[in-house]
J.: 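Got a structure for you, questions after.
Lettering follows sequence order; numbering is per chain, from 1.
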2 protein chains.
Amino acid sequence: MATETKNGKRIFLKNEECPIRNVVAQIGDKWSILILFSLLDGPDRFNSLKTRIEGISQRMLTQTLRDMERDGYVDRTVYPQVPVKVEYELTDLGRGLAKAAWGLVSWADEHHKDIRSARQQYDKENG
Amino acid sequence: MATETKNGKRIFLKNEECPIRNVVAQIGDKWSILILFSLLDGPDRFNSLKTRIEGISQRMLTQTLRDMERDGYVDRTVYPQVPVKVEYELTDLGRGLAKAAWGLVSWADEHHKDIRSARQQYDKENG
DNA sequence: CCGTATCCCTTAAGATACTG
DNA sequence: CAGTATCTTAAGGGATACGG
């Protein structure tokens with residue numbers, strides 16, 4: 001895990017040394033996971049993704065797709081017709097990531113009510 | 001997953017409606033996951049955590065711990081001695097989250113080299 | 001020892017207008 | 001249709017100094 005240990009406890013090294021920081025920095029942003037799971041339903045086009053992911057702007061969709069392509073999660077195919085058609089689909093690496101993230105996502109789905117109530121409790125007790 | 005579907009494809013509703021967005025927004029920040037896994041090794045004190053997580057500032061450690069306490073992931077115990085001693089430990093909910101995130105983290109650890117090389121390849125082919 | 005309070009700079013990201 | 005370019009605001013987060 002690119003960590004060292006001191007008396008049995010993990011130490012997390014900074015930036016480049018730590019794969020956790022790297023990957024979380026990539027897919028921990030606002031949109032990557034949503035794109036990832038959208039494409040899990042099959043290849044899709046730019047504007048379709050834009051519709052399916054509520055609130056994403058053109059700018060962020062483009063940018064996040066580029067980053068994901070760069071990291072090898074997504075393939076981009078241009079069909080040279082008029083008007084042009086562009087399809088995005090997951091690579092094997094992307095599907096692997098989605099599978100790995102699935103546990104977290106389904107946990108989130110099951111427990112978000114616990115979190116909500118913990119939050120309300122905390123806010124009631126404090127300011 | 002708080003998503004609707006349109007011709008077999010998921011649609012991701014915005015903010016409050018979507019547990020994925022909520023949970024990812026919380027633990028997708030720069031520090032939460034590192035604190036989570038640090039505390040998986042057992043309860044720990046403020047300054048110890050600060051040492052074990054390279055590069056975290058006092059400000060962000062305090063703030064992130066507060067957020068995690070608010071969400072019910074962490075318990076905070078103050079021992080009223082001089083100087084004061086404060087211990088943080090995971091709740092059951094926190095341990096559940098860590099367990100759920102484990103798959104992603106170990107995937108990250110196994111595949112970060114694939115990502116690095118995909119990135120280099122992309123950068124070579126493009127600007 | 002464990003924080004808070006300020007200050008300030010950098011990055012994220014929304015809105016809008018324009019192009020092959 | 002699928003972007004790019006530009007502008008502007010909001011949020012993230014580091015550094016430092018001080019307090020119980």
Side-chain angles (χ1 to χ4, degrees), chain A residues 12-15 18 21-22 24-35 38-39 43-71 74-89 122 126-127, chain B residues 9 12-16 18 21-22 24-35 38-39 43-71 74-89 122 126-127:
Chain A
F12 293 87
L13 306 175
K14 59 170 70 171
N15 304 1
C18 180
R21 296 199 193 200
N22 274 299
V24 170
Q26 293 308 316
I27 71 145
D29 66 38
K30 206 172 174 183
W31 304 111
S32 294
I33 286 237
L34 300 179
I35 294 178
S38 297
L39 291 178
D44 206 0
R45 303 176 60 174
F46 187 87
N47 278 328
S48 172
L49 288 169
K50 189 167 174 330
T51 307
R52 291 171 60 203
I53 301 171
E54 274 193 16
I56 195 169
S57 65
Q58 233 169 24
R59 184 180 178 278
M60 290 314 296
L61 181 54
T62 303
Q63 190 173 304
T64 309
L65 280 169
R66 285 293 173 283
D67 290 344
M68 294 175 76
E69 193 192 352
R70 179 168 182 257
D71 284 356
V74 165
D75 271 343
R76 177 174 181 270
T77 311
V78 182
Y79 297 92
Q81 50 193 42
V82 185
V84 72
K85 166 179 164 182
V86 179
E87 250 187 10
Y88 293 91
E89 71 178 311
Y122 183 94
N126 306 272
Chain B
K9 299 197 170 189
F12 292 88
L13 305 175
K14 59 169 71 169
N15 304 2
E16 284 91 271
C18 179
R21 297 199 193 201
N22 273 298
V24 170
Q26 293 307 317
I27 70 144
D29 65 38
K30 204 172 175 183
W31 305 110
S32 294
I33 286 235
L34 300 178
I35 295 177
S38 297
L39 291 178
D44 205 0
R45 301 176 61 174
F46 188 87
N47 278 328
S48 173
L49 288 169
K50 189 165 172 332
T51 307
R52 292 171 60 202
I53 302 171
E54 272 193 18
I56 195 168
S57 64
Q58 231 168 28
R59 184 181 179 277
M60 290 314 295
L61 181 54
T62 305
Q63 189 173 304
T64 310
L65 281 168
R66 286 291 173 284
D67 290 344
M68 294 175 75
E69 194 193 351
R70 179 169 183 257
D71 285 355
V74 166
D75 271 344
R76 177 174 181 270
T77 311
V78 182
Y79 298 92
Q81 51 194 41
V82 185
V84 74
K85 167 181 164 181
V86 179
E87 250 188 10
Y88 294 91
E89 70 179 312
Y122 183 94
N126 307 272

J.: Distance check needed: dA12(C) C1' versus Asp29(B) CG, whole Å only.
T.: 14 Å
J.: Just how far is it from atom NZ of Lys85(B) to atom OG1 of Thr77(B), taken to the nearest 0.5 Å?
T.: 10.0 Å
J.: Applying a 4.0 Å non-hydrogen cut-off, can you work out what Tyr88(B) is touching in the nucleic acid: base, sugar-phosphate, or nothing?
T.: sugar-phosphate
J.: Starting from C1' on dA13(C), measure out to CZ on Arg21(B) and report it in whole angstrom.
T.: 14 Å
J.: Output the single nucleotide from dA17(D), dA15(C), dG14(D) whose closest atom is nearest the side chain of Arg59(A).
T.: dA15(C)
J.: Give a yes/no answer on whether the side chain of Arg45(A) brings an N or O atom under 4.0 Å of OP1 or OP2 in dA2(D).
T.: yes
J.: Using the side-chain heavy atoms of Pro83(A), tell me which of these nucleotides is nearest: dC1(D), dG3(D), dG14(C).
T.: dC1(D)
J.: To the nearest Å, how far apart are Met60(A) CE and dA2(D) C1'?
T.: 17 Å
J.: What's the separation between atom CE in Met68(A) and atom CG in Leu39(A), rounded to the nearest 0.5 Å?
T.: 6.5 Å
J.: Side chain of Asn47(B), heavy atoms from C-beta onward: which of dG3(D), dC1(C), dG3(C) has the nearest atom to it?
T.: dC1(C)
J.: Rounded to the nearest 0.5 Å, how far does CZ of Phe12(A) lie from CD1 of Ile35(B)?
T.: 10.5 Å
J.: State which of dG3(C), dC2(C), dA2(D) makes the closest approach to the side chain of Arg76(B).
T.: dG3(C)
J.: Ignoring the backbone of Phe46(A), work out which of dC1(D), dG14(D), dG3(D) is nearest its side chain.
T.: dG3(D)
J.: Once you round it to whole Å, what is the distance between P of dA11(D) and CG of Asp67(B)?
T.: 14 Å
J.: Could you state the interatomic distance from OG1 (Thr64(A)) to CD (Gln26(A)), rounded to the nearest 0.5 Å?
T.: 10.5 Å
J.: Is Ser38(B) close to Ile53(B) at the side-chain level, that is, under 4.5 Å between some pair of heavy atoms?
T.: yes
J.: Could you report the tightest heavy-atom contact between Val24(A) and Asp29(B), atom names first, then the distance?
T.: CG1-O, 4.0 Å
J.: Rounding to an integer number of Å, can you tell me how far Trp31(B) CH2 sits from dG13(D) P?
T.: 8 Å
J.: Grab the CD-P distance between Gln81(B) and dC2(C) for me, whole Å please.
T.: 9 Å
J.: Round to the nearest Å and state the distance from Gln58(A) atom CD to dT19(C) atom P.
T.: 15 Å
J.: Counting heavy atoms from C-beta on, name the nucleotide in dT4(D), dG3(C), dA2(D) closest to the side chain of Val86(A).
T.: dA2(D)
J.: Whether Arg66(B) contacts dG3(C) is assessed here as follows: a side-chain N or O lying under 4.0 Å from the phosphate OP1 or OP2. Is that the case?
T.: yes
J.: Want to settle it: does Ser57(B) or Ser48(A) sit nearer the 5' end of DNA chain D, counting the closest nucleotide to each?
T.: Ser48(A)
J.: Out of dA13(C), dG3(C), dC1(C), which nucleotide sits closest to the side chain of Lys30(A)?
T.: dA13(C)
J.: To the nearest 0.5 Å, what is the distance between CZ (Arg70(B)) and OH (Tyr122(A))?
T.: 8.0 Å
J.: Judged by each residue's nearest nucleotide on DNA chain C, which is more toward the 5′ side, Gln63(A) or Val84(A)?
T.: Gln63(A)
J.: So which atom in Leu13(A) and which in Cys18(A) form the shortest heavy-atom distance, rounded to 0.1 Å?
T.: O-CB, 3.4 Å
J.: With pairs defined as Watson-Crick or G-U wobble and both distances under 3.5 angstrom, please note down DNA chain C as a dot-bracket string, | for pairing with another strand.
T.: |.||||||||||||||||||
J.: Check the distance between dG3(D)'s C1' and Glu87(A)'s CD and give it to me in whole angstrom.
T.: 17 Å
